[in-house]
Chemist: 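One structure, as structure tokens, below. Some questions next.
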Number of protein chains: 2
Amino acid sequence: MDVIDRRIVDCLLRDGRATYGDIGAQVGLSAPAAKRRVDRLRASGAIRGFTVVLDPSALGWTTEAYVEVYCRGNVSPRQLRESLERVPEVLGACTVSGAADALLHMAARDIEHLEQAMERVRDHPDIDHTESVIVLSRLIDRPRS
Amino acid sequence: MDVIDRRIVDCLLRDGRATYGDIGAQVGLSAPAAKRRVDRLRASGAIRGFTVVLDPSALGWTTEAYVEVYCRGNVSPRQLRESLERVPEVLGACTVSGAADALLHMAARDIEHLEQAMERVRDHPDIDHTESVIVLSRLIDRPRS
DNA sequence: GTTGAAAAGTGAACTCG
DNA sequence: CGAGTTCACTTTTCAAC
């Protein structure tokens, strides 16, 4: 993963459907050379795939929340991941430092839908309680850099 | 935005570089019809664009944190956004319910880099103090659904 | 990096409810 | 008319050199 790979990744972050010709032109490579680099990045796992960036409000899921999860005793991260994966409203989850065991990023159509999803999260036997913060307005949403 | 549009979006969430032929095959349309729908979704703003999904660890920014921001007095969300946008390590930001005014999602190469970025965030005159939680391990990272 | 065959993208003309 | 289809034509992909 060198400087050119980085610049290729930058191109793809801006436009995931850029043609290999365009990518090559921006980094000073021919289209096949650019494609070979992208293929290599995919094979190595650095590039997981490609996706569409949606306007969250444009299709329903306008209600977001961040939820701190407090567990009973010691729960392995693996167990926690497996149970949280079953709740599609959980967009992101991570174990964190501090008093809470994990922090979840959740999204739902509305408050009612969010509440239902949080009940499903709390169904897990190891979860003691949760503390949630509702998102009022999103200021920044950068895909990743 | 009807049922077919939803299914097209699902295809693109799974593979943002899917060909119009593939998309059409999955939703029962010809390639040009699929393309016209995707073009329409882009024009309407429902689709913002396309991007690459990276393995976060594969290129450097392995250190993540969630930062609660407490402001002095009343700060407009617009002002806050404008100053936070100047810090590239801020991947996401939103105003929230509860004691804090905003919650930031930040990423950096390492703890030292993160500390520098947080200093830049705190440079803003309206920010009183911050409380941060370091991410230990990421359990789930769904692009969005 | 270059080449060339196969595949995908894309606009136009056409058809159906 | 809006939405789909087929058809021609251009551009891109991609494997071989």
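Residue numbers start from 1 in every chain, and the chains themselves are labelled A, B, ... in the order their sequence lines are given, proteins ahead of strands.
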Chemist: Residues two or more places apart in sequence or in another chain: which of them pass side-chain hydrogen bond (donor to acceptor under 3.5 Å, both in side chains) with A:Glu85?
Modeler: A:Arg81

Chemist: Residues in salt bridge (charged side-chain N to carboxylate O under 4.0 Å, His left out) with A:Asp126, at least two apart?
Modeler: none

Chemist: Partners of B:Arg7 by salt bridge (charged side-chain N to carboxylate O under 4.0 Å, His left out), sequence neighbours excluded?
Modeler: none

Chemist: At under 4.0 Å between heavy atoms, how does the protein contact nucleotides 3-17 of chain C? Give one character per nucleotide, 5' to 3', with B, S or -.
Modeler: B----SSSB------

Chemist: If you link ILVMFWY side chains whenever their heavy atoms are less than 4.5 Å apart, which other residues fall into the same cluster as A:Val96? By chain and number, please.
Modeler: A:Tyr66, A:Leu103, A:Val133, A:Val135, B:Tyr66, B:Val96, B:Leu103, B:Val133, B:Val135

Chemist: Please find the earliest and latest nucleotides of DNA chain D, in the 5' to 3' direction, that have an atom within less than 4.0 Å of any heavy atom of chain B.
Modeler: D:dA3 to D:dT13

Chemist: Under 4.5 Å between side-chain heavy atoms, chaining through other members, with only Ile, Leu, Val, Met, Phe, Trp and Tyr counted: pull out the rest of the cluster around B:Leu136, sorted by chain and number.
Modeler: none

Chemist: With sequence neighbours left out, what residues match B:Asp55 under salt bridge (charged side-chain N to carboxylate O under 4.0 Å, His left out)?
Modeler: A:Arg48

Chemist: Only counting residues at least two apart or in another chain, list the ones meeting side-chain hydrogen bond (donor to acceptor under 3.5 Å, both in side chains) with A:Asp5.
Modeler: A:Arg37, A:Arg40

